[in-house]
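A short write-up of the structure that comes next.
Within every chain, numbering begins at 1; the chains are lettered A, B, ... in the order of the sequence lines, protein sequences first and strands thereafter.
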Number of protein chains: 2
Amino acid sequence: MAADTSRSRAREGAKRIREFIVAAAVEGTPAPGTKLPTERELVKRFNVPRNAVRKTLAELEAEGSITRHVGRGTFLAGRAPGGIGEIPGDNVSHTSPAELMDARLRIEPALAELIVTNATAADFERMEACLEKAEKAATLDEFELWDAALHQVLAEATHNRFVIRILDMVTAVRRQAEWGKLKDRIVTPERRIRYQEEHRDIVGALKERDAERARASIVAHLQHARRNLFGF
Amino acid sequence: MAADTSRSRAREGAKRIREFIVAAAVEGTPAPGTKLPTERELVKRFNVPRNAVRKTLAELEAEGSITRHVGRGTFLAGRAPGGIGEIPGDNVSHTSPAELMDARLRIEPALAELIVTNATAADFERMEACLEKAEKAATLDEFELWDAALHQVLAEATHNRFVIRILDMVTAVRRQAEWGKLKDRIVTPERRIRYQEEHRDIVGALKERDAERARASIVAHLQHARRNLFGF
DNA sequence: GCTTATTGGTTCGATATTGGTTCAGATTGA
DNA sequence: TCAATCTGAACCAATATCGAACCAATAAGC
């Protein structure tokens with residue numbers, strides 16, 4: 001009759017919770033950053049003591065499958081749990097942050113000229129609006145919202161549909177990947193100020209139709225971002 | 001059950017408000033400038049805290065779907081809502097040959113450095129093989145086959161999956177209808193010889209790890225191709 | 001003009017949620 | 001028995017959300 005001792009229940013529960021997380025990661029929403037149920041919800045759902053829940057979650061965190069933040073919750077990290085290999089298929093999905101950064105550092109500076117020649121006054125107005133809103137943003141979330149908007153405007157300012165597609169891919173990849181995990185620790189308030197200055201530099205150079213300066217500003221900005229991300 | 005906590009209500013509400021705005025934009029009156037309900041009305045209508053309403057409205061504003069003015073209200077903007085949600089999948093939107101050429105002229109030269117630093121001996125062997133086969137090709141179709149193969153090898157020589165993806169997009173667009181029609185008229189036998197020489201220049205520079213010369217060769221090649229296509 | 005009402009923007013204290021921690025008591029298995 | 005482990009519950013601290021008041025720009029009525 002030892003089949004339903006609290007001890008064995010814990011072991012059973014651990015397995016089921018693992019399976020649940022893995023399932024959520026694989027079929028549910030492959031996107032990292034998805035919020036998982038709270039510990040107390042898992043307790044109710046699997047009828048398992050919280051300690052057991054916390055134990056499995058701790059393991060998953062150690063494996064790098066999830067991240068946990070007090071007051072916020074538990075989230076899927078970039079790496080697939082349970083040693084689930086990379087999903088094949090020539091999707092954009094499996095490009096590493098390092099690769100993306102490498103590509104951006106080559107490609108985006110070269111697009112400065114395109115913006116300088118093609119951007120309209122309306123484009124510049126939208127850029128300024130994004131800068132202002134980003135600077136006034138109270139929360140980090142809001143800042144990133146307007147940061148993304150600025151990138152979108154810059155892309156559209158090239159007035160080149162192919163380039164726009166490419167830059168859409170960039171943001172798509174940024175939204176995936178292990179990027180999300182890094183971001184939290186990386187964007188500190190003072191770094192955010194620095195980013196804002198660099199954004200102003202870039203937009204300023206573009207407005208003056210100074211392609212060379214814009215190119216230099218973009219390179220500086222991306223190198224700065226890379227340094228913050230990877231330390232080199 | 002805590003299914004109707006104020007917290008979960010907020011998350012639900014965000015979605016519903018989004019849907020409401022989108023619906024208003026699509027079916028209601030496509031005309032930009034339409035006035036939307038005030039924040040306080042949305043609060044009452046969806047039984048959701050104003051914070052949540054403002055959060056979703058902020059997102060929609062950042063996406064460019066709506067505009068907001070103190071004392072006036074919230075209005076539909078020109079851009080269709082949910083624009084960012086579009087996944088840049090393999091839907092090769094119709095980019096004109098001119099646009100593609102513009103983009104290639106900026107992007108591809110910048111990738112020379114990437115090949116110079118990352119390409120392996122095996123990559124160079126494959127390039128050479130493509131060059132030979134292309135030169136021996138009897139028909140124009142065969143030539144273009146090996147021409148495409150060379151492009152593929154060059155892409156893979158960057159050893160950067162994101163770049164490879166972009167260059168795949170380039171060939172995908174090139175394969176599109178309008179382009180193909182031009183090509184036939186354009187690639188004459190003597191031009192083909194000229195292309196072969198330029199390809200050898202590019203590969204040669206890459207093999208010597210001379211990024212600057214490779215860049216120049218690529219620019220020259222693309223400009224030549226453009227001249228043949230459009231006459232400028 | 002002036003006043004008043006409306007509306008998006010802001011601030012701030014109170015409250016709720018959530019992962020992290022502690023600990024006395026029960027359970028387990030040698 | 002007895003040491004090790006698990007349990008349940010309370011408590012803690014970080015975070016998010018709420019509610020309500022207040023602010024500033026605009027519009028409406030006089």
Exercise. Can you sort out the partners of A:Glu59 under salt bridge (Lys or Arg N to Asp or Glu O under 4.0 Å), two or more places apart, ordered by chain and number?
Key: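 Checked A:Glu59 against salt bridge (Lys or Arg N to Asp or Glu O under 4.0 Å); matches are A:Arg18.
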Run the ring pair (Phe, Tyr, Trp, His ring centres under 6.0 Å) test against [X] and tell me which residues pass, sequence neighbours left out.
X        : value
B:Phe20  : B:Phe46
B:His159 : none
B:His69  : none

Distances under 3.5 Å between protein N/O atoms and the N/O atoms of nucleotides 19-22 of chain C, please, pair by pair.
{"from": "C:dG19", "atom 1": "OP1", "to": "A:Thr74", "atom 2": "N", "distance (Å)": "3.4"}
{"from": "C:dG19", "atom 1": "OP1", "to": "A:Thr74", "atom 2": "OG1", "distance (Å)": "3.2"}
{"from": "C:dG19", "atom 1": "OP2", "to": "A:Glu39", "atom 2": "N", "distance (Å)": "3.0"}
{"from": "C:dG19", "atom 1": "N7", "to": "A:Arg40", "atom 2": "NH1", "distance (Å)": "2.9"}
{"from": "C:dG19", "atom 1": "O6", "to": "A:Arg40", "atom 2": "NH2", "distance (Å)": "3.0"}
{"from": "C:dG20", "atom 1": "OP2", "to": "A:Arg54", "atom 2": "NH1", "distance (Å)": "3.0"}
{"from": "C:dG20", "atom 1": "OP2", "to": "A:Arg54", "atom 2": "NH2", "distance (Å)": "3.4"}
{"from": "C:dG20", "atom 1": "OP2", "to": "A:Arg68", "atom 2": "NE", "distance (Å)": "3.3"}
{"from": "C:dG20", "atom 1": "OP2", "to": "A:Arg68", "atom 2": "NH1", "distance (Å)": "3.0"}
{"from": "C:dG20", "atom 1": "OP2", "to": "A:Arg68", "atom 2": "NH2", "distance (Å)": "3.3"}
{"from": "C:dG20", "atom 1": "N7", "to": "A:Arg50", "atom 2": "NH2", "distance (Å)": "3.4"}
{"from": "C:dG20", "atom 1": "O6", "to": "A:Arg50", "atom 2": "NH2", "distance (Å)": "2.4"}

Quiz item: If every non-hydrogen atom of B:Val170 is compared with every non-hydrogen atom of B:Leu100, which pair is closest and at what distance?
Solution: O-CD2, 4.1 Å
Separation of [X] atom [atom1] from [N] atom [atom2], in whole Å?
X        : N      : atom1 : atom2 : answer
A:Leu140 : D:dA16 : CG    : C1'   : 14 Å
B:Phe46  : D:dC18 : CZ    : P     : 16 Å
A:Phe75  : C:dT17 : CZ    : C1'   : 12 Å

Self-check item: Axial bend angle, the helix from C:dG1-D:dC30 to C:dA30-D:dT1: five-pair end segments, nearest 10°
Solution: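 It works out to 30° between the end axes.
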Can you name the side chain to side chain donor-acceptor pair (under 3.5 Å) partners of [X], sequence neighbours left out?
X        : value
A:Gln196 : none
A:Glu39  : A:Arg50, A:Arg54, A:Arg68
B:Lys55  : none

